[in-house]
Every structure is written in C-alpha cells, then in structure tokens.
Chemist: 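My structure is below; once you've seen it, I'll send some questions.
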Amino acid sequence: MAFPTQARIVIIGGGIIGCSTAYHLVRLGWSDVVLLERAKLTSGSTWHAAGLVGQLRTSANITQLLKYSVELYDRLEAETGQATGWKRNGGLRLACNGERMTEIKRQATTAHSFGLEMELLTPAEAKKLWPIMDISDLVGAAFLPTDGQANPADIAQALAKGARAGGAQFIEDCPVTAVEVRNGEVFGVTTPQGAIRCSIVVNCAGQWAREVGKLSGVSVPLQSVQHQYLVTEPIAGVPRNLPTLRDPDRLIYFKEEVGGLVMGGYEPNPIPWALEGIPEGFHFALLDSNSDHFEPLMSQALARVPALETAGIKRFINGPESFTPDGNFILGEAPEVRNYFVGAGFNAFGIASAGGAGRALAEWIAAGEAPMDLWPVDIRRFAQLQRDRRWVLTRTLEAYGKHYTMAWPHEEYESGRPARVSPLYDRLMAQGACFGSKLGWERPNWFAPEGMEPRDIYSYGRQNWFGSVGEEHKACRERVVVFDQTSFAKFEFSGAHAEAALSWIASNDVAKPVGSLVYTQMLNKRGGIECDLTVSRLAEDRYYIVTGTGFATHDFAWIKANIPGGLEVQLSDVTSAYAVLSLMGPRSREVLGAIAGGDVSNAAFPFGAWREIMIAGSAVRALRVTYVGELGWELHMPVETALAVYEALMAAGKKHGIANAGYRAIESLRLEKGYRAWGSDIGPDHTPLEAGLGWAVKMKRNTPFLGREALLAQSEKPLPKRLACFTVDDPNIVLLGRETIFRDGKQVGWLTGAGWGYTVAKNIGFGYVRNKDGVPIDWLTSGRYELEVANERVPAALHMSALYDPAMARIKA
Ligand SMILES: Cc1cc2nc3c(=O)[nH]c(=O)nc-3n(C[C@H](O)[C@H](O)[C@H](O)COP(=O)(O)OP(=O)(O)OC[C@H]3O[C@@H](n4cnc5c(N)ncnc54)[C@H](O)[C@@H]3O)c2cc1C
C-alpha cells in the first residue's frame, strides 16, 4: 500500500495502547486512522509484560475502564481469530498483618461500591485456591474472581487485527521524527518515509512518549524504570487455573505460566533507566538482569512459595516500563496543543488498562471531550513543575517504591519537596505547621501544638493530628482563624468581550456589576461539572477567577478551549502574583475592621462582593466568600506584602483568640456546611441538578450557556441520582470515602468524600443515591440507610440540608 500523505488521525506507537486506541476509533466509525510504529508492533514494553490483569483501583471510573478491558478480552479472540492467552482465573491478594487486613477489607468495600465481586477469605480458604503457598504468616486474603491474565503481545496483535479489519492502516519501521503544529493545533507528522498531514495526533509512544511530546512542546511526565520478573520451569502443584497472586507485604506478585510461575515485584529502591535518553535501536530488547537487586524479592518469594527453592529458572526478564509521579497513567488532550492526545505512562498496568484506556481515548477524540470523569489520569492534572525532568524522576521513583506499600489514608509524598511555597512558609513552619503538597505547593494541613512533632503518623484509625485539627475547627467556629491559601489558582479574564465569553462558559450569572463575586460551575456538553470556582468582576472588561490549587492546568485549559470563536478576550494565569490569606470565623469582621482601611460592615461589604481594602500598607483584594460556613474573607494581596498583612491580622486578632488553621480543618468545616468538593463530590459526571447545585445555575434567564441544553433535558425527567449527606454517630468508625450506600438493604451508591465533623460530633459522608426510576426527594428521605465500612454494615442517617448552619447555631445558643 502506498505511504499515505494524509489521514484524519495519526497514532504514534504500536504497543498495546496504540493498538487499542486504533481498534476503538475504528469501532466508532473513524476508519481514517494511520498507526505509525518506529520498529515492530509490540516491540516496546508490551512484548515482555507479565500479563496480570487486575481491575480494582481507587477511582470508580478507572475501575470501570479496567472492568471493560476484561469484558473486551473475554470476546477478543472469538471476534478477531487471534489467540490472546486470556483467562479469567481470578486474583488473590494477601494480608500478613492487621493494618493490611483492614486495607483489604476497605478495598473489598470499594470493589462492592464499584460493582466488582471481591470476597474475603481465611488463610485456609486462600490456600485452597493457591495450594503451593505457605500461609503461616497470613492474617487473611481477598479474592477477585473476575481478574485474569493474558499474553500481552497477543492481545495487542488481536486489537491491531480488529483495527485493520475496520480500515485502519498500520505502518511498521516508521518512526515519527517531528509533529508539526500550526497556530497551536496539530498539522501533521514527519517520518523518514514522508510527511502525513493530519488533524489529530495520538502519542501512544510508551516510554518514548516524553521525548515524542517534546517534539512539539507537550509535557508527558514519565520516567523509565527497570522492572524485573522471572519465569520458572513447571512446578508440581501449579494448575493452569491458578489465580494471579499479589502479596503486597512481601512486595511480590505471581502468575501461572505453562505450568510454572512468573514472579516479580516492586523493589523499594527502584533503578531508573535511560536518564540520557532511550538508546537507538532498543526494540524487542531487554536490560541485563540484576540479580543482586532482585535478591530481596527472591527471598520473600521463597518464603511464600517454598517449591521455588528447587524450581528451575527458565528466564529472567528485566524490562523497562514508564512510570509516572503519581502512579496513574496519562490520558487526554494535551493543554499545550489542540488536537494532540496522549495515552502513555502505564505504570506496569498497561495490559490491564489497555482495553478501557484505548476506548476512553478514542471516545475522547471522537466527542472532543472526555466521555466521563477521568480526572485521576487526566493529563491536565500536571503543571509546570512536572516539566522538570529531575523532579519527575525523584517523585516517580518514590511512587514506584510505594506500589505495594500500605496506601494510608491522608498519605503524602515526601520527595521533591518543597517545590512551591507561600511567603509565609517559614513563619508557619516555626508555628508548628505540618505541610502537605498539592501540585508542588506546600500547604499547611494542620498545626502541632507546642511539644508535639508536626508529622503525620498514619493508621486506619484516628491519626495523630485528629485532636489538633479539632482545635483549629473549634477556633474557626467560635473565634477566628487564618488559612494560608496562597496556592489557589488565579486567572484574569479580560477583553472587550469578557462578559459575553464568560457568560457562555459559566453556568451561573456572571454578567453582574463591577464589585460582585459569583460562585459558579462550568459545564460540559453533558451538563457535567468541569470547573467549580469563583468569579469576581474587577471592571467592565476584566474578571478575576479563583479555583482550587490542583485544578490550575485543567481549569485554565477548559476556559481557554471554550472561549467562543471571534470574541476578543485574553486569559492569563496570575497565580504567582497573589498570596491568599483567608480570615474566617464569627470574629473575623472585628479583626478586619480594626486594621482595614475601608468599610467592612455587611451593608458596605455584603456576601458575594469583593472590595479593595488597605491592610498594613498593602492594597488587598478582599473577597467576601466562604468555604467553611462562617463569616469571612479571602484576602488576596501581592506576594511581597503577605507577611506584613499576616502580622497585622495576627496582632489585631490576638484579643479574639485568632489561630492558624490548615486544610484538614477546612475539610471538616466544609463537610458540616455541605459544600461540595470538585474531584470527589462533584465532577464531569455529575450535573448541578444531581449535585444539589441547581440554585447556582442561571436556568431561569434565557441566556445560552455551555451545558444548558443537557440540563434542560434532564430537568424534564426524573433525576437518575442525587447527592445526599450521611452521618454515622459512632466515633470509632472512620469514614474515608468509597463506602457503599444501602437503602432498605439494596445497594444504591457509594460515598464520594467523607470525614469527621467536630462541631456536630459525627462522621459525615456525601454520596450519590442512584435509582433507575429516578430519585424523588420523598423516596430518598423515606429509606432506611446503612453504609458498608470495611466490609461491615453500619446504620447511617440521611440529611438533605447542611448539618451545620452558623446563623441557626448561634440563635439556638
Ligand atoms: C517487566 C514488565 C512487566 C509488566 N507486567 C505487566 C502486567 O503484569 N500487567 C500489566 O497490565 N502491565 C504490565 N506491564 C506494563 C505493560 O507492559 C505496559 O504498561 C504496556 O505494555 C504499555 O504499552 P504502551 O503501548 O503504552 O507502550 P509500548 O508497548 O512501549 O509501545 C510504545 C510503542 O511506541 C513506539 N514508538 C516510540 N517512539 C516512536 C516514534 N517516534 N514513532 C513511532 N513509534 C514510536 C515504540 O517502538 C513502541 O512499540 C509490565 C511491564 C514490564 C516492563
């Protein structure tokens, strides 16, 4: 076939991800697809993968993607005629101590929430499934009957066959050497065999994806890391249907292969590869095996499977694989270049992910927006920091080393810190701040009182900071606190058509007078919530947008991409220009009034307004808004004056008992007040109507806005799900999110976010209650509710309004 000069879509890379993307594009009717492979199909990481296919992840939608992989692999061989080696032999996971058992019980509940079977087993029951293992140290185990294993290269070839049959063209020995971008959009690719003009590029180049991205300024933050496993000769007592086995306390995994075992693991001290770039000609290639490095895993494996002692070793594999700084893969349209998609960085679960990830990527390309909430893997979760190769290396190695360690609630990464700090960083540290990190920013999570070390001690029970956060919470409810929220992402949106453009993108009414502040969502075509932020009108032609720290790249890209053509507006990121101190609590007006040049009375400065006031010689943009349910202001000021403003606030607040407070207190306060968090309680899969945010949508006005049609259509039918609040009184129970919701004994959803409310003295969780016939309020409120927590049911109360209302609480008092 002649080399094409034109194609609608060019996929770079013929590993399992590129093949799956091509297969699913073709199934969607997009057959004008060319896949270019540098060497031969599967010659990157795919050919030497071990082939375990697990499904459970901490995100519901990523679990759904992996579930779909299993469904696809079930039928792929029959559909394409290509053998895949796929079998659903189930997956076993072991626990060797009490904390791990708790983790496994919580994972079982997560699995149930997401519709996956996962049963808890005693050590003896586990041994029945895996007769050749030693169980003397086992506390228990869990079994996922639908997990399985496959021959990775065969799955990829089957997907390629299916894609070819549907019209996609695959060209091997054809490296892409350049991706041409014109006016910020993909224009074409260059290869030694010629150029191809195309409107969409999909970078599925595996561990080469970072270098390929760099060709056109796209950041793909991943790092190649060596990953080893061995394959034994047949071992007596290994049946063909032996489940895959994960033994995280020993950092190892197993699967059956031709009557023997594959055994690999995750060393705590991983070895990166190709720091100077991947060598030319590295295809169907392996690295030298490193038995010294593998030895600790080997001795763990021998203890688990004594028969390994005498088993012959058939092969040692040391293959490089791309890993990412947070252990999740990278999917979606790159924020830097329009129509440039990425599917890479699969952290040694690319075979398990390929079916679902390829489908999601194909649907994203076809629809022009993500088919569902894919935030945990969305390429827009990264920022400038992740362009730094060294930072990515350091954090990725930490993430790799944690692959099998306990995933503690509230756990923070330790490497690559501090990267971005507020001007108050040292000052707050001196006052006992224990920092967490988000998108590189150091943020005070909580403050240790004198005599206590500001360090998290993790557990599945109440952690060491529980009491301190309670004090901060109380100080905010009863007195006044300062939160350093400098890490907020801040944008300016300006130009002659700023009002018209923002009115289209925002679902609330932002065409308000100068001086006003509006809380709004921004919706996708499905009516799902893409952004949740505040918009302050600075001038007729200028808005100030404030959004969550982690959403900087995502929200900026969303707003930019949705500015209607032909309108004159500019969007700029001004995050680094402003520090933010949030002064919150019933005494905040007294504190602010004592030092502010400007009237801060309710009449002069009502809720939902912003004013410029002077504090300590600094012009401060004060936003009257709250996320904690108390009177308060977000004070935005030039970075260089933050320290002076902070000192002035603390001095004026002294007689009111002012205190520092951190993000864990914010979380507890907002749960009590019923404020939703984007990324957990709300997101692209949830509409404002489902989330109880219909009041923040300009539905009654006749102004068109993005997502309006979908909301209109939804408002004419019964809602399929509705966000509700649940409480559990028993303080010995810890809610963390993902607990299963039962109504009258029937599973109806799971908790999206949860924590402890110190004022109401209850566990609080939010979650969507689902029902195919609709969720009317009387049906919702008439049920008897229970939550499954760590595999056990506990009674729960349902609430449809905020648990805590400061005004009501004070009247009652
Ligand atoms: C030792 C080991 C064990 C593993 N075990 C498992 C497991 O048990 N289960 C599991 O789910 N996953 C496992 N994995 C992970 C899995 O192999 C990968 O996640 C998966 O293969 C990644 O597929 P990919 O398509 O992204 O990358 P690749 O398979 O590497 O494909 C990328 C392709 O892009 C091509 N390419 C690069 N640059 C260019 C260019 N400029 N132009 C054209 N083509 C280009 C390359 O040649 C390559 O073929 C394992 C990995 C290793 C290393």
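Keep in mind that the numbers below use all heavy atoms, side chains included, and drop hydrogens, waters and symmetry copies. Position 1 is the first residue of the sequence; numbering continues from there. In listed order, ligands and their atoms are each counted from 1.
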Chemist: Looking at K314 and E257, is any side-chain nitrogen of the basic one under 4.0 Å from a carboxylate oxygen of the acidic one?
Modeler: no
Chemist: Which of these, F346, Y400, F329, sits in a ring pair (Phe, Tyr, Trp, His ring centres under 6.0 Å) with F323?
Modeler: Y400
Chemist: Check this for me, if you would: do E103 and R100 make a salt bridge, where the nitrogen-to-carboxylate-oxygen distance has to be below 4.0 angstrom?
Modeler: yes
Chemist: Check for me whether R246 meets the cation-pi criterion with Y404, that is, NZ or CZ under 6.0 Å from the six-membered ring centre and within 45 degrees of the ring axis.
Modeler: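 No, a cation-pi geometry is absent between R246 and Y404.
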Chemist: Taking the six-membered ring of F349 as reference, does the NZ or CZ atom of R57 fall below 6.0 Å from its centre and within a 45° cone about the axis?
Modeler: yes
Chemist: Ligand 1: which residues have a non-hydrogen atom closer than 4.0 Å?
Modeler: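 Answer by chain and number: I12, G13, G14, G15, I16, I17, L36, E37, R38, S43, G44, S45, T46, H48, A49, A50, G51, L52, C174, P175, V176, C204, A205, G206, W208, V212, H227, Y229, G319, P320, E321, F346, A348, F349, G350, I351, A352.
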Chemist: Has E117 got more than 12 heavy atoms of other residues, nucleotides or ligands less than 6.0 Å from its CD?
Modeler: no
